[in-house]
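Scroll down for the structure; my scribbles are underneath it.
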Amino acid sequence: MKQLIECVPNFSEGRDHAIIKQLTDVIESVQGIRLLNVDPGYATNRTVVTFVGEPAMVVEAAFRAIQRASEIIDMCHHKGEHPRFGATDVCPFVPVSDISMEETVKYARILAKRVGEELEIPVYCYEFAAFEEKRRSLANCRAGEYEGLAEKLQSSDWQPDFGPAKFNERSGAAAIGARNFLIAYNVNLNTSSVRLANSIAFDVREAGRIKREGDPVTGKIVKDEHGEPVRIPGTLKKVRAIGWYIREYGIAQISMNLVDINTTPVHMAFDEVCERARVRGIRVTGSELIGMIPLQAMLDAGKYFLRKQHRSVGIPDHEIIHIAVKSLGLDELTPFDPGKRIIEYLLENKNTPLINMTLTGFSRETASDSPAPGGGSVAAYVGALGASLGTMIANLTSQKRGWDSRWEEYSEWAEKGKEYYEALLNLVDQDTDAFNQIMNAFQLPKETSGEKIVRKNAIQTATLNAIEIPFRVMQTAFQSMEVIQAMAETGNPNSITDAGVGALCAATAVSGAYLNVLVNATGFDDKEAIRQILSEAEALEIQTKEKCRLIQKLVVEKISQGK
């Protein structure tokens, strides 16, 4: 998976669509950035923009947008209902996939430093990017708003983290930070009562409800020693919730903001609302996702419900997502299209890579007069088939009658096998891409001495990549044999021949990829630099042949015993 960060800048302009268009245009001018949503508000005079991409691209797009906002938004004339203190009021980074919060914080601070130094805008780092505890709160950083900013900047306690400690009359200040992914999520009830919906919301939301003496609605409010109302906390951490009535559908909903899905994921919130509704004689009929959701959140939900059913989680992602959609009832009110609602799917390359071809299409492309896909891609694909067979046996075994008590063990094997076959599928296209990179490098101009140096370096870089890709095929295919061997030993005996074929596929992938490692190594000048890879590749092929021989022997013995 690619590292992906979502960025949600809030600009202090929600009425002039020409200005808003300029901001979104500069965001989209960065290659690799996908604009997901633009939400202008007239009363707030504020626009919330959502875009996503790889970290360095997100930093660049955010910087360009903040720079343009400083040129076309004049805070001297800004009025609106929402708190604000700058042209780009707030700019949070949100980790989406394959990136930690710690890494996300680093990129947020890189942006903050650039904005402060290059644009001379005071910047406060907030939430996870804050340098001190009191600045974690956006409300603290923005206290006093634009009108109180000049005075605030003179306070020793509120010097900006980056940029000058002087009032920028036109642009104000900016809060740049990192926060967890927030999901707006509604649960549908078979009632039209807002009062009952609110009761459930108070049960589950972290803030809970105010404690009262006697009657929970009309009783006297209980206060602490400071005179503040005492609250009975709800059951879900990092969740805000309220009940409301949706006239369009004639139902009440629990409307929730899941502000940290690592603490309370979607499926946990759904199940807790189901239980609290049941206690009150109400039934949950489905749910509704507002906006988009990371792929991992949907996979986690699907796996959660599969495990509750004692079913294997090592099935393809689209099947896991289907289970999540049906279990959460996400398609009750409107159709739920994963391709439009899951962030990573929106960012997928829409070209037709090899792994998206049909079996016939792939074989025809291989048989054509094009040099790619070649043996390297075919080796990776054969390895993926081998790992798929091992995964299939694990999935079948997990559901076999009489083996129910061990379903979890085989589910874990299936999940491991799935990781291997997905990795090998990705390597199918990567191998062809590596070959194309070499061809492109050879086509570079070589008229001048400078051009010759650039061309030679490009060829060597591409060649090294073309060595490393098939080596990764070898490693992954060999690792997949762990699953295949385990299934040959303890899996469903009716699938024993599938294990044998899987082992042969894995062995073929390793040997085929090894040939590609060797041939590409002949074109790499620095033999010492690849000595370790060549040594490990040779050892891997020997180990693979031995493991394949052992698995085949086991398969034949079990077939003979069956007869």
Side-chain angles (χ1 to χ4, degrees), residues 180-209 216-217 231-313 315 319-336 338 341-342 407-408 411:
N180 284 307
F181 198 95
L182 184 150
I183 291 179
Y185 178 63
N186 303 330
V187 178
N188 311 326
L189 307 174
N190 68 334
T191 182
S192 58
S193 171
V194 175
R195 182 182 65 80
L196 288 172
N198 264 320
S199 295
I200 297 169
F202 297 162
D203 285 344
V204 301
R205 70 183 187 184
E206 184 173 26
R209 53 167 48 84
V217 177
R231 303 192 73 90
I232 303 171
T235 56
L236 297 176
K237 300 292 185 184
K238 305 294 183 181
V239 172
R240 301 166 188 157
I242 192 171
W244 61 22
Y245 175 71
I246 305 299
R247 188 172 301 279
E248 180 183 0
Y249 301 115
I251 60 169
Q253 286 183 323
I254 310 298
S255 176
M256 293 185 284
N257 277 341
L258 310 181
V259 300
D260 183 353
I261 56 174
N262 294 318
T263 300
T264 299
V266 172
H267 53 271
M268 184 184 294
F270 178 82
D271 258 13
E272 183 62 15
V273 170
C274 285
E275 177 57 24
R276 296 295 167 171
R278 184 192 65 78
V279 170
R280 296 177 180 275
I282 297 170
R283 188 171 67 84
V284 167
T285 61
S287 63
E288 178 185 28
L289 180 71
I290 308 301
M292 278 151 291
I293 189 169
L295 172 61
Q296 193 59 52
M298 289 296 291
L299 293 177
D300 288 345
K303 289 178 181 180
Y304 169 79
F305 291 110
L306 284 167
R307 289 189 179 105
K308 288 184 72 173
Q309 300 168 19
H310 288 190
R311 291 184 58 198
S312 172
V313 300
I315 58 177
E319 294 184 31
I320 297 174
I321 290 168
H322 177 73
I323 292 294
V325 171
K326 291 303 178 184
S327 300
L328 296 168
L330 287 172
D331 53 1
E332 183 196 9
L333 301 180
T334 57
F336 184 90
R341 306 300 294 279
I342 295 175
W407 75 269
E408 197 165 6
S411 175

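Sequential numbering from 1 along the given sequence is applied to the chain's residues.
- Atom CD1 of residue Ile232 and atom CG of residue Asp203 lie 10.0 Å apart, to the nearest 0.5 angstrom.
- Summarising the geometry of Leu328 relative to His267, their closest heavy-atom pair is CD2-CA, 4.2 Å, with the distance given to 0.1 Å.
- How far CD of Glu319 is from CZ of Arg311: 8.0 Å, rounded to the nearest 0.5 Å.
- Side-chain contact between Ile321 and Pro338: present, with at least one pair of heavy atoms (C-beta onward) separated by less than 4.5 Å.
- A donor-acceptor pair under 3.5 Å is absent between the side-chain atoms of Arg307 and the main chain of His310, judged by distance alone.
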Name the atoms and distances for all side-chain donor-acceptor pairs under 3.5 Å in residues 184-191, with sequence neighbours left out.
unit_1: Tyr185; atom_1: OH; unit_2: Ser287; atom_2: OG; d: 2.8
unit_1: Asn186; atom_1: OD1; unit_2: Ser255; atom_2: OG; d: 3.1
unit_1: Asn186; atom_1: ND2; unit_2: Glu288; atom_2: OE1; d: 3.3
unit_1: Asn188; atom_1: OD1; unit_2: Gln253; atom_2: NE2; d: 2.8
unit_1: Asn188; atom_1: ND2; unit_2: Glu332; atom_2: OE1; d: 2.7
unit_1: Asn190; atom_1: OD1; unit_2: Arg283; atom_2: N; d: 2.7
unit_1: Thr191; atom_1: OG1; unit_2: Ser193; atom_2: N; d: 3.1

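- Checked options Asn257, Val266, Val259; the residue passing with Ile183 is Val266 (criterion: side chain to side chain contact (heavy atoms under 4.5 Å, CB included)).
- The shortest non-hydrogen separation linking Ala297 to Ile261 is CB-CD1, 4.2 Å.
- Between atom CG of residue Asp260 and atom CG of residue Leu236 there is a gap of 12.5 Å, rounded to the nearest 0.5 Å.
- Taken from CD1 in Ile242 to CZ in Arg205, the straight-line distance is 7.0 Å, to the nearest 0.5 Å.
- Taking each heavy atom of Ile342 and Pro294 in turn, the nearest pair found is CG2-C, 4.3 Å.
- One finds the OG1 atom of Thr235 at 10.0 Å from the CE atom of Met268 (value rounded to the nearest 0.5 Å).
- Here the side chain of Ser327 pairs a donor or acceptor atom with the backbone of Ile323 at under 3.5 angstrom.
- Pairing each heavy atom of Gly250 with each of Ser192, the nearest pair is O-CB, 4.3 Å.
- Residues forming a salt bridge (Lys or Arg N to Asp or Glu O under 4.0 Å) with Arg231 (at least two apart in sequence, or on another chain): none.
- Residues Ala277 and Val284 share a closest heavy-atom pair of CB-CG2, 4.2 Å.
- A distance of 9.0 Å separates CG of Leu295 from CD1 of Ile320, quoted to the nearest 0.5 Å.
- Side-chain atoms of Thr264 come within 3.5 Å of backbone atoms of Lys237 as a donor-acceptor pair (strictly under, hydrogens ignored).
- Glu206 has its side chain out of reach of Thr263: every pair of non-hydrogen atoms, C-beta onward, lies at least 4.5 Å apart.
- Taking the six-membered ring for Trp and thresholds of 30 and 60 degrees, Phe270 and Phe305 have ring planes more than 60 degrees apart, a perpendicular arrangement.
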Checking side-chain contact (heavy atoms from CB on, under 4.5 Å) for the pair Leu330/Met298: CA distance, chi angles, key distance, verdict? CA-CA 11 Å; Leu330 287 172; Met298 289 296 291; 3.9 Å; yes
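- Counting heavy atoms from C-beta outward, Met256 and Val273 have side chains that approach closer than 4.5 Å.
- Pairing each heavy atom of Ala197 with each of Ala252, the nearest pair is CB-CB, 4.0 Å.
- A donor-acceptor pair under 3.5 Å is formed between the side chain of Arg209 and the backbone N or O of Ser199.
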